[in-house]
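Data first, discussion second: the structure below is written as structure tokens.
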There are 2 protein chains.
Amino acid sequence: MEAFDVTALRGRGLRATRPRLAVLATLRRRPHASAEEVVREVRESLDAVSVQAVYDVLNALALSGLVRRVDPTGARAARYELDVGDNHHHLVCRGCGLIVDVPCAVGHAVCLQPALDHGFALAESEVTYWGLCSRCQTEATGPVRVTASTALPEGPA
Amino acid sequence: MEAFDVTALRGRGLRATRPRLAVLATLRRRPHASAEEVVREVRESLDAVSVQAVYDVLNALALSGLVRRVDPTGARAARYELDVGDNHHHLVCRGCGLIVDVPCAVGHAVCLQPALDHGFALAESEVTYWGLCSRCQTEATGPVRVTASTALPEGPA
DNA sequence: GTTGCTGTCTTGAACGATTCCAGTGTGGGG
DNA sequence: CCCCACACTGGAATCGTTCAAGACAGCAAC
């Protein structure tokens, strides 16, 4: 695991430093961690790591494609996950902010091709499903954080 | 237009105030405006409107479903648009941040249903297409703001 | 038209996530 | 093993957004 990360980093021309390896290990353990969570977790294995170092590491890893940055509309802080290259999508709970991975719904490129491309060179498409997780459904008292448009009754999306 | 907005506001139990009407007019003229742009534009028709008033208005309108808040991963500031209820998607330029509306690509509910719902009660799905707009494709010198994962070669999304 | 209540706007300050800067250190190719 | 470019540290700044308290103004009732 360690060795794997070391080669992954070197393969992209990045040095294999302790903070970087710790960040990768953290994201493997906890996908969708916020920068703050990463800092907390990394500090449990390494004595002193600055917040800025973590941001720097996350940016460097995101730039090199090892890490994917996700920030759902309305979330306070960005989340990070290892970029495993499967281009999965996310299911986000409007109640508690829980993020769950879901594989591509359809298995073909239909989601990648918008009806009109307006002259864009398309690189990627990203799908976010919004809803309420099972726990927030039962606890109607959960913190409700309505951020964007309200519920959609049915139909095409 | 004015009258239409007035009834729309009152219909949701909101007062029809000048700042609110001005914000709605601004968003009709410029979809995907940031809060700052809205402030600037609104101040051209109204003498004095505070930044906080605009944020308050945008939040109130978003909560009532008249306005949709969009913030693409990596964007500094959130964007706002009138919620016309057609649940369209967005095409975002990685170069300059330009946002363009696209109708739902497929016209059926395939995008709304992830393969696994993990017990979630789904409310909505949101698709963001990433790429380079035609201008940024020609100007290779444009500001490149890589934020999340890097380009995806092909295949399912 | 006037009055009064309540929801809105204003001013001013705070907050949290992220970034910038300058200096120190350390990984790893030579 | 040595050196230096790349990484990390600490501190401060920035930027979008929100909070709080008080002044103001829609609009419903009279």
Side-chain angles (χ1 to χ4, degrees), chain A residues 2-3 5-7 9-24 33-40 42-43 46-64 66-67 69-80 97 145-148, chain B residues 2-3 5-24 33-40 42-43 46-64 66-67 69-80 97 143 145-148:
Chain A
E2 276 266 309
D5 287 341
V6 170
T7 47
L9 286 166
R10 298 224 179 121
R12 322 221 167 198
L14 295 172
R15 287 191 190 162
T17 66
R18 258 171 312 218
R20 289 179 176 182
L21 293 172
V23 166
L24 287 173
S34 65
E36 191 220 331
E37 286 174 320
V38 172
V39 169
R40 215 179 320 133
V42 162
R43 280 184 179 159
L46 272 57
D47 314 331
V49 182
S50 65
V51 174
Q52 294 72 5
V54 170
Y55 274 105
D56 189 9
V57 167
L58 288 171
N59 282 335
L61 296 180
L63 217 57
S64 74
L66 282 174
V67 157
R69 178 184 169 141
V70 189
D71 61 311
T73 296
R76 287 88 182 87
R79 304 309 187 101
Y80 298 86
R145 209 192 292 162
V146 176
T147 53
Chain B
E2 276 265 309
D5 287 341
V6 170
T7 45
L9 285 167
R10 298 224 179 122
R12 321 222 168 198
L14 294 173
R15 286 187 189 166
T17 66
R18 258 172 311 222
R20 289 181 176 181
L21 293 172
V23 166
L24 287 173
S34 65
E36 192 219 332
E37 286 173 320
V38 172
V39 169
R40 215 178 322 131
V42 163
R43 281 183 179 159
L46 273 56
D47 314 330
V49 182
S50 65
V51 175
Q52 293 73 2
V54 170
Y55 274 107
D56 190 9
V57 166
L58 288 171
N59 283 334
L61 296 180
L63 217 57
S64 74
L66 281 175
V67 156
R69 177 183 169 141
V70 189
D71 61 312
T73 296
R76 287 89 181 88
R79 304 309 187 100
Y80 298 86
R145 206 193 292 163
V146 177
T147 52

Let me know the distance between CG of A:Leu61 and C1' of D:dA7, rounded to the nearest Å. 12 Å
DNA chain C nearest-nucleotide lookup for B:Val57 and A:Tyr80: closer to the 5′ end is B:Val57
Whole-Å distance between D:dG16 C1' and B:Arg40 CZ? 14 Å
On DNA chain D, more 5' by nearest nucleotide between B:Val51 and A:Val54 is A:Val54
Taking CD from B:Glu36 and P from D:dT14, how many angstroms apart are they, rounded to a whole number? 16 Å
From D:dA7, D:dT9, D:dG16, pick the nucleotide closest to the side chain of A:Ser50? D:dT9
To the nearest 0.5 Å, how far apart are CG in B:Leu66 and OH in B:Tyr80? 14.5 Å
Phosphate oxygens OP1/OP2 of D:dA25: is one of them under 4.0 Å from a side-chain N or O of B:Arg18? no
What is the separation between atom CG on B:Asn59 and atom C1' on D:dT17, rounded to the nearest whole Å? 9 Å
As an exercise, state the distance from CG of B:Leu9 to OG1 of B:Thr17, rounded to the nearest 0.5 Å. 7.5 Å
Specify the closest pair of heavy atoms between A:Val23 and A:Val38, including all atoms of both residues, with the distance to one decimal. CG2-CG1, 4.0 Å
Measure the distance from OH on B:Tyr55 to P on D:dG16 and round it to the nearest whole Å. 7 Å
Per the end-axis method with five pairs at each terminus, what is the bend angle of the helix from C:dG1-D:dC30 to C:dG30-D:dC1, to 10°? 40°
Less than 4.5 Å apart, any side-chain heavy atom of A:Glu37 and any of A:Val54? no
Identify whether any heavy atom of B:Ala60 sits under 4.0 Å from a base atom; if not, whether one sits that close to sugar-phosphate; answer base, sugar-phosphate or nothing. nothing
Rounded off to whole Å, could you give me the CG-to-C1' distance for the A:Leu63 and D:dC6 pair? 15 Å
Other residues, nucleotides and ligands only: do more than 12 of their heavy atoms fall within 6.0 Å of CZ on A:Arg18? no
Expressed in angstrom and rounded to an integer, what is the separation of B:Leu58 atom CG from D:dT17 atom P? 9 Å
Heavy atoms, side chains only, cut-off 4.5 Å: are A:Pro19 and A:Val42 in contact? no
The first and last nucleotides of DNA chain C lying within contact of chain B, meaning any atom under 4.0 Å from one of its heavy atoms, run from C:dT6 to C:dA13
Contact list please: residues 7-15 of chain B against DNA chain C, heavy atoms, distance less than 4.0 Å, in numerical order. B:Leu14, B:Arg15
Please report the distance, rounded to the nearest Å, between CG in B:Asp71 and C1' in D:dC15. 14 Å
Mapping A:Arg20 and B:Arg79 onto DNA chain D by nearest heavy atom, which one lands closer to the 5' end? A:Arg20
When rounded to the nearest 0.5 angstrom, what is the spacing between CG in A:Leu58 and CG in A:Leu63? 12.0 Å
Closest non-hydrogen atom pair, B:Leu14 against B:Ala60: CD1-O, 4.4 Å
Nearest 0.5 Å, please: how far is CG in A:Asp56 from CZ in A:Arg20? 7.0 Å
Atom CD of A:Gln52 and atom OG of A:Ser50: how far apart are they, to the nearest 0.5 Å? 5.0 Å
Would you call B:Leu21 and B:Val6 a side-chain contact if the rule is heavy atoms closer than 4.5 Å? yes
Could you state the interatomic distance from CZ (B:Arg10) to CG (B:Asp5), rounded to the nearest 0.5 Å? 12.0 Å
